[in-house]
Structure formats: C-alpha cells, structure tokens
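One-based numbering, in listed order, for ligands and for the atoms of each.
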Amino acid sequence: MRKKLAADGLPSLIGADRAGLAAVLGELGEPEGKRSLRARQLFHWIYHRGARSFDEMTTLSKDLRAKLAEQFSVARPEIVVEQQSSDGTRKWLLRFFDGQEVECVFIPQTDRGALCVSTQVGCTLTCKFCHTGTMPLVRNLQAGEILAQLLVARDALGEWPSPRDDRLFTNIVVMGMGEPLFNYDGIAAAMKLATDGDGIGMSRHKITLSTSGVVPRIVQWGEELGTGLAISLHAVRDDLRDELVPVNRKWKIAELLDACRAYPHRNKPITFEYVMLAGVNDSDADARELVRLLQGMPAKVNLIPFNPWPGTIYQCSSNNRIRAFAQIVEDAGYSSPVRVPRGRDILAACGQLKTASERARVRGNLASARAEAALH
Ligand code: SAH
Ligand code: SF4
C-alpha cells in the first residue's frame, strides 16, 4: 500500500480493494470491529462518489478524515495535457508520481462512449506498425494507475456518483499503450474494481481487452474476468506475423487460435483486429486464408486502417482494397466492420499514442506533432 504513491507524494488509496482499505484503517488505529464497515464507506466514497479529497467523506468522523489526509491520498494523477479532437474524442496525458506518463482517450458516440485505457508506460513489445512499440522506456502501471484513468474520465464527464442510467461513459476498451496480459495482475485488479457494483459499476460485458497474443494468459483472463476479447492478429502466416507482431515468435498463430477456441465466450464473438497495410497483408489471398483460420469460431473481424506516424515505413491500404478484403470476409459470414479512425488530429487513434507527445514536448511544441499527423 505504502509504495503506491500519488502525484502529491503520499501513498494513494486509488486501486485498493476493501481488504486493502481495511488494512489502512488498521494502521491508523481504527478498532478491529469497525474496520470492515469503515472500509466499505471509504470504498463507496472513492469509487462510487468519486471523492477527490477526504474532506468530502462526511460519513467518516472528522478525526478519521484528518488522519487519512495526513498519510494517504485520493488525488488524481497530474493532467499534463488535455486535448479535444474535432470529432469530439478527448485525450489526456497523465503523469504519475515518478514522472512517467501515459495517455488515455475517451471516444464518444451519440448515446455511449468508450474509454481506451493504457496498461504500461510504453510497451513490452515492438510491433512494427505501432508507434507505442518504438518507446524505449517501459514499466507496468499499478492497478491504481489504470483505475485512475477511469476516474479522470468520470471527473471530466461529470458522471459522479456512478450513474446507473444515461451515462456517456459506458464502455472500456483495454487498447491503449502496452500489452495488458504482460501486466496481468495490474489490469486484473483494476478491472475487478471497475466492475464492482458498489463502486464504478461497469459491466464486464462492456469491457473489451485487446492482446497481441499472450497465449498462456488468455483463457485465465476469460475465466477470471470474463470480458470481451480482441486479438491483434494482423497477419495470417507465421513468417509475416513473426515480423509484424514479434510475440508471434513465441506463440504461433495455431496456438493463439486454440486459446481463442478455448476462451469462455458467453456467446460473445471474439474480435480479430487486422491493420490494413498496403501491399503487406491486404491481398485477396490473405482474406481467404483469414476466413479459413476462423472457421467454426464465433468471430468478428475489425479492419483497422493503418494510422500513420512520423517515421513509419508503412502506408494504409486504399479504400478499394479495404472494401474488397472486407467483402471476402463478409461473404464467408463474418461481420467485418472497418474501424473509423477517431482523434487522428490529436494523435489519439490506434497505435499513435504517446511517443509523439514526448517528442513534441522535447521540441516544446505540441502543435507541431498535430500538424505532422494532419499531413498524412
Ligand atoms: N497492445 C494491445 C492493445 C493496443 S492497440 C494490442 O496490441 O492488442 C489497439 C489495436 O491497434 C491493436 O490491434 C494494435 O495492433 C493496433 N495498432 C497499433 N498500431 C496501429 C497503427 N499505427 N494503426 C492502426 N492500428 C494500430
Ligand atoms: Fe504493444 Fe499493442 Fe503496440 Fe504491439 S500493437 S507494440 S502489443 S501497444
């Protein structure tokens, strides 16, 4: 508990579950008989009401509030930059206690919206078409740092106390920076808290975790968390996938698909993400092989137009090519939506997160990164 520092330098309670909160109360001398009730009250204030200070927690005694405030924090990470795209997408650059930063993105639609959360600073992996994969520095985010992204979005949307109906923030996509299944404990603890009905109260059916293919963790995730699953497939042959998605050198396509077949579906199809790279993975033959691989599996294919970033060697497939590819997949009976890029003008689209803002700040000019992105 004491290691998880908030931006104000005090240990943060964000990310603590009821048992963790009870332990904190024990440290502060709360009598044993009262700890579990007080822990439930604290839990309610932090995750249901979204309290940003202990002062607000009026069901706790003044004395206890003062002790909590002296030694602990419920402060959010520092918001370094907040941007809004012309399409309504919002992006926050957050800084944690050690100066490390991540981005998270809120993507609104008419009556709902999804928050795209990050799980690592940088990424353990180096997929060749992904901007995040070029970042040298990597550390796992703690559960509280993942959860804090949800709290920041709720703050900005004014959605406290956790609304039951009419909320705009309805979905979570674990598709930001990082490979979530290489930070299994962090993301699992965060999503358990996010789905707790006494707190943030998100439905696990409205959460989708995307993995590049950490095979040994896939079924475990399905059993423990049971959220929707998305797989970053991107290639249908091992030789090409080895190159594009290096984790494939360890776990091959066949093993990955076996894990998908064993995933506890609960009737929800698995989404296969497929980035469209001109002349690399976008031929008719690729589409036909994709259909063959998915045979017999409840699946949907999400075609992602490649989002360019400064320095990349790839180009996005043409619209005609994407349409032809999608048609082959659709004809085989799989839905094959093309993901509309959101927030490209603020480098918030898939695979564009973080490095650009880092570079731009070195140059002291965020606008130049935006302009650079707009040129593509
Ligand atoms: N790290 C996780 C989730 C994050 S990214 C994963 O790899 O699954 C969400 C999706 O965007 C992934 O399918 C990822 O491969 C894809 N992506 C990465 N860079 C991209 C880019 N430049 N253009 C389009 N999609 C990209
Ligand atoms: Fe990491 Fe996902 Fe980017 Fe690959 S695509 S480098 S796994 S963030």
Criterion salt bridge (charged side-chain N to carboxylate O under 4.0 Å, His left out) on R339 and E273, from CA distance to verdict: CA-CA 9 Å; R339 192 179 287 177; E273 296 161 285; 3.2 Å; yes
Taking N or O atoms only and a 3.5 Å limit, does E179 qualify as a polar contact for ligand 1? no
Would you verify whether the NZ or CZ of R49 falls within 45 degrees of the ring axis of W160 while also being under 6.0 Å from that six-membered ring's centre? no
Mark the output for C116 as yes if a heavy-atom distance to ligand 1 is under 4.0 Å, and as no if none is. no
Does C127 approach ligand 1 within less than 4.0 angstrom via side chain, backbone, both or neither, non-hydrogen atoms only? neither
Considering M175, M177, H234 one by one, which has a heavy atom nearer to atom 14 (C) of ligand 1 than any of the others? H234
Whether the Q220 and R217 side chains hold a donor-acceptor pair (N or O, under 3.5 Å, no angle test) is what I'd like checked. yes
Counting from 1 in the order shown, the ligand 1 atoms closer than 4.0 Å to a non-hydrogen atom of T211 are 8 (O)
Examine the proximity of ligand 1 to I304 and report which part, side chain or backbone, both or neither, has a heavy atom under 4.0 Å away. side chain
Do E179 and N183 have side-chain atoms, one donor and one acceptor, less than 3.5 Å apart? no
Any N/O pair F129/ligand 1 closer than 3.5 Å: yes
Check the side chains of T89 and D87 for a donor-acceptor pair under 3.5 angstrom, ignoring hydrogens and angles. yes
Side chain, backbone, both or neither: the part of C127 lying under 4.0 Å from ligand 2 by heavy atom: both
For P305, the ligand 1 atoms with a heavy-atom partner under 4.0 Å come out as 24 (C)
Candidate with minimal heavy-atom separation from atom 2 (Fe) of ligand 2, of G178, S118, G133: G178
Qualifying residues under side-chain contact (heavy atoms from CB on, under 4.5 Å), relative to A66, sequence neighbours excluded: none
Using a 4.0 Å cutoff against the non-hydrogen atoms of G176, which atoms of ligand 1 qualify? 4 (C)
Are more than 12 heavy atoms from other residues, nucleotides or ligands located less than 6.0 Å from atom CD of Q315? no
Establish, yes or no, whether a centroid distance under 6.0 Å links the rings of F54 and W45. no
Show which atoms of ligand 2 fall inside a sub-4.0 Å distance from at least one heavy-atom site of C123. 1 (Fe), 6 (S), 7 (S), 8 (S)
Is the gap between the ring centers of F43 and H48 under 6.0 Å? no
contact_flag Y314 ligand 1 heavy-atom lt 4.0 Å: no
